[in-house]
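Here the structure comes first, spelled out in structure tokens, and everything after it is commentary.
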Amino acid sequence: MHAPELRAGEIHVWHVEADASSTARVAPLLDEAERARASRFAFPKDRDLFVTTRGWLRLLLGGYLAERGARLSFSAGPNGKPALVGSSAKVHFNVSHSGSRALLAFAADRAVGVDIERIKDRPDVLDLAPTVFTLTEQALLRDAPPGDRLTTFFRLWTGKEAYLKADGRGVSVPLQSFSVTPAPDLLISGVTVFDPSQSALFVQWLRAPEGYAAALAAAGSPWELHVFRVQDM
């Protein structure tokens, strides 16, 4: 597969939907360990989403690197962030999946993190907020119109998750040590960091499928975002 050229200053985000055709197309690319992991999922929909996400990661990375996706090897960093093993070309990447959707982000010159979440009804968002959000974020959630409060919660959450994934330290970073602010027009937003040892990252909220929220985080700014759908390939 020939992926689009990935230039410096660009971030490519791919939307993936786990349907029968996309799963069947990429399932043969998984290695033995990935197949074993897939077999342990209790529900077929979760298994298919994992297979689809991992398979498209292999196919797209293979396209960017001009290598066979089935031959790629992955390792996990100290906090679980996946990385390529043994590739001479440097491509930063990150993946996220929820419900029946996945996002895959790629960059040539900067760390990236991406998150997608299916918006589920949670009547307790105001009660939950103090455990995961800063005072600034709690105020944004509290001031949101009641009909928008759930979406605002998941916007904030995906922004924080994307930030943590781009940073690479994952859950070892306290959630109250940084604030994200969703921009109404989905433009790049700065992150207020209360710990100066943390990375200088920026967040961009993404247009997500109906019923989902999504965000991208990356080091450095600005960048040029290109969005694709694997179903169009």
Side-chain angles (χ1 to χ4, degrees), residues 1-7 9-31 34-35 37-39 41 43-72 74 81-82 84 87 89 91-108 112-120 151 154-155 157-159 161-162 165-166 185-188 203-218 223-233:
M1 175 187 149
H2 295 287
E5 183 180 356
L6 183 61
R7 301 182 179 91
E10 293 183 347
I11 297 178
H12 292 186
V13 171
W14 290 81
H15 284 263
V16 177
E17 183 174 5
D19 56 29
S21 61
S22 63
T23 303
R25 181 175 176 182
V26 297
L29 299 178
L30 272 63
D31 64 18
E34 290 166 330
R35 292 192 185 97
R37 182 176 169 185
S39 70
F41 283 94
F43 300 103
K45 65 180 181 63
D46 297 327
R47 179 195 62 224
D48 292 346
L49 181 59
F50 170 79
V51 170
T52 305
T53 304
R54 201 72 177 198
W56 276 102
L57 175 62
R58 285 181 169 277
L59 189 62
L60 291 168
L61 268 176
Y64 285 121
L65 298 171
E67 298 180 16
R68 292 183 61 182
R71 293 184 175 179
L72 298 176
F74 298 95
K81 187 174 183 179
L84 274 173
S87 175
V91 175
H92 299 270
F93 65 92
N94 196 237
V95 304
S96 178
H97 51 75
S98 179
S100 62
R101 304 279 182 161
L103 288 180
L104 294 81
F106 302 90
V112 292
V114 70
D115 191 57
I116 185 169
E117 299 287 344
R118 185 164 65 88
I119 298 175
K120 304 174 185 177
T151 299
F154 279 97
R155 277 246 184 120
W157 181 255
T158 57
E161 282 287 305
K165 294 171 77 175
D185 52 7
L186 306 180
L187 296 176
I188 294 173
V203 169
Q204 181 169 1
W205 278 266
L206 303 173
R207 299 192 185 280
E210 183 70 25
Y212 289 81
L216 168 74
W223 58 73
E224 185 177 326
L225 178 65
H226 296 265
V227 179
F228 308 93
R229 294 189 334 131
V230 300
Q231 276 76 11
D232 295 333
M233 298 298 290

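By convention here, the first residue in the shown sequence is residue 1.
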Least distance between heavy atoms, Leu29 atom then Arg58 atom: O-CD, 3.3 Å
Rounding to 0.5 Å, atoms CD1 (Ile11) and CZ (Phe106) come to a distance of 12.0 Å
Are Val26 and Val230 side-chain neighbours, meaning at least one heavy-atom pair lies under 4.5 Å? no
Distance check, rounded to the nearest 0.5 Å: Asp115 atom CG versus Trp157 atom CH2? 8.5 Å
Evaluate the side chain to side chain contact (heavy atoms under 4.5 Å, CB included) criterion for residues Leu206 and Val114: first the C-alpha distance (whole Å), next the side-chain angles of each, then the deciding distance (0.1 Å), finally the verdict. CA-CA 10 Å; Leu206 303 173; Val114 70; 4.3 Å; yes
Using salt bridge (charged side-chain N to carboxylate O under 4.0 Å, His left out) as the criterion, list what pairs up with Arg47, not counting sequence neighbours. none
Is any side-chain heavy atom of Trp205 closer than 4.5 Å to one of Thr158? yes
Roughly how far apart are Arg71 CZ and Asp31 CG, rounded to 0.5 Å? 14.0 Å
Over all heavy atoms of both residues, which pair between Pro28 and Arg35 is shortest? Give the atoms and the distance, please. O-NH2, 3.1 Å
Donor-acceptor pair, distance only, cut-off 3.5 Å: does the side chain of Lys165 make one with the backbone of Ala217? no
I'd like to check Glu17 versus Pro209 (side-chain heavy atoms, cut-off strictly below 4.5 Å). Are they in contact? no
How far apart are the closest heavy atoms of Arg118 and Phe154, and which atoms are they? O-CE2, 3.8 Å
Measure the spacing between NE2 of His12 and CH2 of Trp223 and express it to the nearest 0.5 Å. 14.0 Å
Donor-acceptor contact below 3.5 Å, side chain Arg155 vs main chain Ala213: no
Minimum heavy-atom distance Ala218-Ala166, with the two atoms named: N-CB, 4.4 Å
Quick test of your reading: applying salt bridge (charged side-chain N to carboxylate O under 4.0 Å, His left out), list the pairs with at least one residue in residues 48-57, sequence neighbours left out, ordered by first then second residue. Glu34-Arg54
Minimum heavy-atom distance Trp56-Leu104, with the two atoms named: C-CD2, 3.9 Å
Nearest-0.5 Å distance, CG of residue Leu57 to OG1 of residue Thr52: 12.5 Å
Looking at Gly62 and Leu72, what are the two nearest heavy atoms and their distance? N-CD1, 3.9 Å
Applying side chain to side chain contact (heavy atoms under 4.5 Å, CB included) between Leu216 and each of Leu225, Val203, Leu103, report the one that passes. Leu225
Compute whether any side-chain donor of one residue and acceptor of the other, for His226 and Glu224, lie under 3.5 angstrom apart. yes
I want to check something: taking the side chain as every heavy atom from C-beta on, are Phe74 and Leu84 in contact at a cut-off of under 4.5 Å? yes
Is the closest side-chain heavy-atom distance between Phe50 and Phe41 below 4.5 Å? yes
What is the distance from atom CZ of Arg229 to atom OG of Ser22, rounded to the nearest 0.5 Å? 11.0 Å
